[in-house]
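One structure is given here, and the rest of the page talks about it.
All of these numbers come straight from a predicted model, not from anything done at the bench.
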Amino acid sequence: MDTNSIIAVAIFIITFAFILGEKAVHVHRTVIAMCGAVAMVLAGTWFHFYDYKAAFAMIDLDTIGLLFGMMALLAMLEKTGAFQYLAIKVARLSRGNPLRLLFYLAVTTSVLSMFLDNVTTVVLLAPVTVLITSLLGFSPIPFLISEALLSNISGVATLVGDPPNIMIASAVKELSFMSFITHLAPHVFIIWIVAFGMIMLTFRKELAAKPKGLKALLKMNPESSLTDKPNAIKLCVLFLFIVLLFFIAEHIHLRTSIVAILGAAIGFVITKSDVEETFKSVEFPILIFFAALFVAVGGLEHSGVLKQLSTSITSLAKTNMLLCCITMIWVAAIASAIVDNIPFTIAMIPVIQLLGVQMGDPHLVTPLWWALALGVGLGGNGTHIGATANIVVVSLSEKTPTPITTLTWLKSGSLTTIASLIVATITFWLMYGHMTTR
């Protein structure tokens with residue numbers, strides 16, 4: 001590892017450590033990320049491996065724009081009472097049973113995450129979840145964490161469910177929508193069951209709680225919570241339109257961020273909502289945190305750290321493809337728990353493509369694509385900043401009496417991640433055990 005790599009790794013580790021221990025140092029994670037980003041750019045400028053132009057280019061405006069647009073839309077919808085309406089409906093359906101409620105929310109999250117971006121799914125469901133748990137007197141922690149974990153897992157099953165999958169499919173034209181489902185959905189189905197079991201085990205005390213005010217809740221009329229029914233209907237129709245655009249965005253050459261921002265703009269027009277008042281509900285600290293984190297991770301990429309990590313598996317693939325695939329799952333997962341899974345995927349795509357050329361047949365490395373998708377998809381659950389969905393639910397929980405701490409996340413997320421990776425290793429071996437040493 002050269003000097004540039006050592007410097008970039010040192011800055012990122014220090015930043016990451018402070019983010020994990022933000023409560024102990026009494027500094028908000030957004031401020032820590034901003035300091036880390038500035039330090040990375042300064043070091044990169046001094047040692048000539050990273051500059052401000054490259055740093056700005058590393059900011060994923062698609063993610064930032066998607067979050068901004070969806071947050072604005074949700075802020076408008078929240079003022080109509082639509083969330084309270086849905087919360088009362090779901091709470092009554094569960095009849096105050098926390099396990100039943102966990103299952104309903106988990107299934108809803110998982111199905112949506114297979115066809116929508118994980119961030120969109122969590123942004124839609126997390127506010128409703130907080131309201132439901134508040135109505136029933138439950139801690140929101142198990143429900144919010146389960147939504148983030150299971151959305152990340154379920155998104156792996158389809159081409160459109162996870163950004164790394166879209167990137168892989170874009171790089172390898174032979175991998176169709178159905179091929180992703182055929183090769184990844186079976187793994188995800190088994191992993192989902194194990195992960196749900198781990199969540200139930202981890203939060204067994206919280207899920208044994210008795211509901212408060214259940215009789216009063218069952219008597220509540222959901223319709224009475226709708227304070228602005230006309231605008232609620234308009235915005236719900238708009239949401240359906242936006243979801244439809246998400247499905248076809250790639251085909252009509254539209255970015256998801258543009259779709260979300262367009263939706264927010266239309267929402268302001270049809271509801272005549274106050275712009276300044278609505279923007280007060282947009283979580284700008286989250287957006288700034290992401291931008292700063294993208295800049296910090298960009299320093300790792302430009303210093304060559306991710307490239308060095310990814311190329312280390314090339315020689316292994318030439319001798320034992322099955323072992324290489326399993327190694328890929330774990331290395332990708334560990335890397336994605338520490339840095340965002342997108343830059344790692346970007347670094348790995350050309351490496352796997354080159355390996356296919358060196359082996360004389362690109363089809364020989366196809367299992368590596370599935371291993372990469374599984375690793376980066378599952379690894380993000382390891383830490384509370386490993387995936388965008390995690391950061392969203394953690395930030396939202398900080399507005400409740402029981403915020404999700406780093407320790408709480410590590411207690412559930414790390415155990416679920418390890419269990420998921422073990423299952424993925426077993427299922428991958430069962431599916432590709434026929435691959436012999438070359």
Side-chain angles (χ1 to χ4, degrees), residues 152-153 155-159 161-172 174-175 179-180 182-188 190-191 297 300-301 304-383 386-387 414 417-438:
N152 292 331
I153 291 172
V156 177
T158 66
L159 188 156
D162 208 18
N165 288 12
I166 296 174
M167 294 165 61
I168 291 170
S170 178
V172 190
E174 295 80 10
L175 302 183
S179 65
F180 272 83
T182 303
H183 290 88
L184 293 176
H187 299 285
V188 169
I190 299 172
I191 292 167
V297 172
L300 290 181
E301 183 175 344
V305 173
L306 297 183
K307 187 72 173 180
Q308 292 173 43
L309 179 64
S310 62
T311 54
S312 63
I313 69 164
T314 302
S315 59
L316 179 60
K318 294 179 179 179
T319 57
N320 191 320
M321 181 59 78
L322 177 60
L323 180 59
C324 181
C325 288
I326 292 174
T327 302
M328 171 68 81
I329 292 173
W330 285 85
V331 170
I334 293 170
S336 297
I338 299 172
V339 302
D340 192 87
N341 55 16
I342 291 176
F344 184 82
T345 304
I346 291 172
M348 281 307 307
I349 284 175
V351 174
I352 298 177
Q353 287 176 323
L354 179 61
L355 180 61
V357 174
Q358 292 174 345
M359 295 181 73
D361 185 358
H363 292 94
L364 292 175
V365 299
T366 298
L368 270 175
W369 295 119
W370 309 133
L372 175 63
L374 281 168
V376 296
L378 300 177
N381 284 335
T383 64
S414 58
T417 300
I418 292 171
S420 299
L421 291 173
I422 291 173
V423 173
T425 301
I426 295 171
T427 57
F428 205 92
W429 179 79
L430 290 173
M431 183 174 288
Y432 294 103
H434 62 278
M435 291 189 298
T436 57
T437 302
R438 291 177 57 82

Step-by-step side-chain contact (heavy atoms from CB on, under 4.5 Å) determination, Tyr432 to Cys325 | CA-CA 9 Å; Tyr432 294 103; Cys325 288; over 6 Å; no
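Gln353 places a side-chain heavy atom less than 4.5 Å from the side chain of Ile349. Side chains of Ile153 and Ser420 form a contact here, defined as non-hydrogen atoms less than 4.5 Å apart.
No donor-acceptor pair under 3.5 Å is formed between the side chain of Ser336 and the backbone N or O of Gly379. Using modelled atom types, one side-chain atom of Asn165 and one backbone atom of Thr158 make a donor-acceptor pair closer than 3.5 Å.
Taken from CG in Asn381 to CG in Leu421, the straight-line distance is 9.0 Å, to the nearest 0.5 Å. Once rounded to the nearest 0.5 Å, the distance linking OG1 of Thr417 with CD1 of Ile422 reads 11.0 Å. Trp429 contributes atom CH2, which lies 8.5 Å from atom CG of Leu322 (distance to the nearest 0.5 angstrom).
Listed here is the closest heavy atom pair of Leu184 and Ala373: CD1-CB, 3.9 Å. In terms of heavy atoms, Ala424 sits closest to Leu378 at CB-CD1, 3.9 Å. When all heavy atoms of Gly377 and Val156 are compared, the closest pair comes out as CA-CG2, 3.6 Å.
Residues meeting the side chain to side chain donor-acceptor pair (under 3.5 Å) test with Thr425, sequence neighbours left out: Trp330. Shown here are the side chain to side chain donor-acceptor pair (under 3.5 Å) partners of Thr427, two or more places apart in sequence or in another chain: His187.
Met328 pairs with exactly one of Ile352, Leu374, Val376 by the side chain to side chain contact (heavy atoms under 4.5 Å, CB included) rule, that one being Ile352.
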Check: residues 362-372 side-chain donor-acceptor pairs under 3.5 Å, at least two apart:
from	atom 1	to	atom 2	distance (Å)
His363	ND1	Asp361	OD1	3.1
Thr366	OG1	His363	O	3.0

